[in-house]
Amino acid sequence: MPGRAGHPRPSITLMQGIGPAVRPARLSDVPALVDLRMANAEAHLALDPDVYRLPQREAVIEHFTAVLSDATARNAVLVAEQRGQVVGMVEVLRLPEPPAHQILRPEPSAQIHTVVLGEARGRGVGSALLDAADRWATEHGLSYLSAGIHHHNASAVRFYRRHGYAPSGTSWGRRPAV
């Protein structure tokens, strides 16, 4: 199946050759996934400590173990490897359908979370992960992907924009009046 600009897309299964190998994560990848999540949390905490936190390592281990052990394949975690080392991941986490009493039309969708090690950035790892996430989503009946990006994270905004993501709606909020 052709990818962007007519280039063939890499397979979701382990792919050798130019660029990273992208494959579904395995339980044996949990330590690497936890390290990626914790490093990403530290970077986001530095970005905006009023919004982000450093999760407990045990909670992150439990999360990835549960997602990778779920036989329903409702969600996915895909990893990118270079020279046998996990250098990035993308999570594809399904969003719930709106309840029948709401006016929103149901649209099978998911939120994605992409993390690439700093030393692996600029080498096509993130692009390969997004391509694999697109294929996984299509194969599993999803028609919309979203990525929650902090507006001050300029590199993430540029990355997702380059891959066709755009602002979608506006989220308004406030703290309850006391």
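Numbering of residues begins at 1 and proceeds along the displayed sequence.
- Between Arg53 and Ala41 the shortest heavy-atom distance is O-CB, 3.8 Å.
- Looking at heavy atoms from C-beta onward, Val92 lies in side-chain contact with Leu142 at the 4.5 angstrom threshold.
- Residues Ala132 and Val22 approach most closely at CB-CG1, 3.4 Å, considering heavy atoms.
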Just distance, no hydrogens or angles: give the donor-acceptor pairs under 3.5 Å from side chains in residues 25-35, sequence neighbours left out.
residue, atom, partner, partner atom, Å
Asp29, OD1, Arg23, NH2, 2.9
Asp29, OD2, Arg23, NH1, 2.7
Asp29, OD2, Arg23, NH2, 3.2
Asp29, OD2, Arg26, N, 2.7
Asp35, OD1, Arg57, NH1, 3.3

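- Identified under the ring pair (Phe, Tyr, Trp, His ring centres under 6.0 Å) test for residues 71-116, with sequence neighbours left out: none.
- Annotation: side chain to side chain contact (heavy atoms under 4.5 Å, CB included) contacts of Glu119 (sequence neighbours excluded): Leu117.
- Partners of Ser168 according to the side chain to side chain contact (heavy atoms under 4.5 Å, CB included) rule, which considers only residues two or more places apart in sequence or in another chain, are Tyr144.
- Under the side chain to side chain contact (heavy atoms under 4.5 Å, CB included) criterion, Gln56 pairs with Ala59, sequence neighbours left out.
- If you take CG on Asn40 and OG1 on Thr114, they are separated by 9.5 Å, rounding to the nearest 0.5 Å.
- Met38 is listed as a side-chain neighbour of Pro55, based on a closest heavy-atom distance under 4.5 Å.
- With sequence neighbours excluded, the residues forming a side chain to side chain contact (heavy atoms under 4.5 Å, CB included) with Glu97 are Pro106, Pro108, listed by chain and number.
- Put simply, CD on Glu58 and CD1 on Ile61 are 4.5 Å apart, with the number rounded to the nearest 0.5 Å.
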For Trp136 and Val90: C-alpha separation, side-chain torsions, deciding distance, then whether side-chain contact (heavy atoms from CB on, under 4.5 Å) applies.
CA-CA 11 Å; Trp136 188 91; Val90 62; over 6 Å; no

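- For the ring pair (Phe, Tyr, Trp, His ring centres under 6.0 Å) condition, the pairs that include at least one residue of residues 25-78, sequence neighbours left out, are His44-Tyr52, Tyr52-His150.
- The two residues Val125 and Gly88 have their closest heavy-atom pair at CG1-CA, 4.4 Å.
- Within a 6.0 Å radius of CZ in Arg161, other residues, nucleotides and ligands contribute 12 heavy atoms or fewer.
- Residues Arg94 and Arg74 approach most closely at NE-O, 2.6 Å, considering heavy atoms.
- Judged as a side-chain hydrogen bond (donor to acceptor under 3.5 Å, both in side chains), and not counting sequence neighbours, Ser69 has no contacts.
- The two atoms that bring Pro98 and Arg105 nearest to each other are CG-O, 4.0 Å, heavy atoms only.
- In this structure, OH in Tyr160 is found 9.5 Å from CG in Asn153, a value given to the nearest 0.5 Å.
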Residues Leu95, Gln111; criterion side-chain contact (heavy atoms from CB on, under 4.5 Å); working and verdict
CA-CA 7 Å; Leu95 297 172; Gln111 187 167 63; 4.3 Å; yes

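- Applying the side-chain hydrogen bond (donor to acceptor under 3.5 Å, both in side chains) test to Tyr165 and every residue at least two apart in sequence or in another chain returns nothing.
- Taken to the nearest 0.5 Å, the CD atom of Glu91 stands 8.5 Å off from the CG atom of Asn75.
- Annotation: the span from Leu78 atom CG to Met89 atom CE amounts to 11.0 Å, rounded to 0.5 Å.
- Across every non-hydrogen atom of Ala120 and Val87, the tightest pair is CB-CB, 3.8 Å.
- Atom CG of residue Leu54 and atom CZ of residue Arg37 lie 11.5 Å apart, to the nearest 0.5 angstrom.
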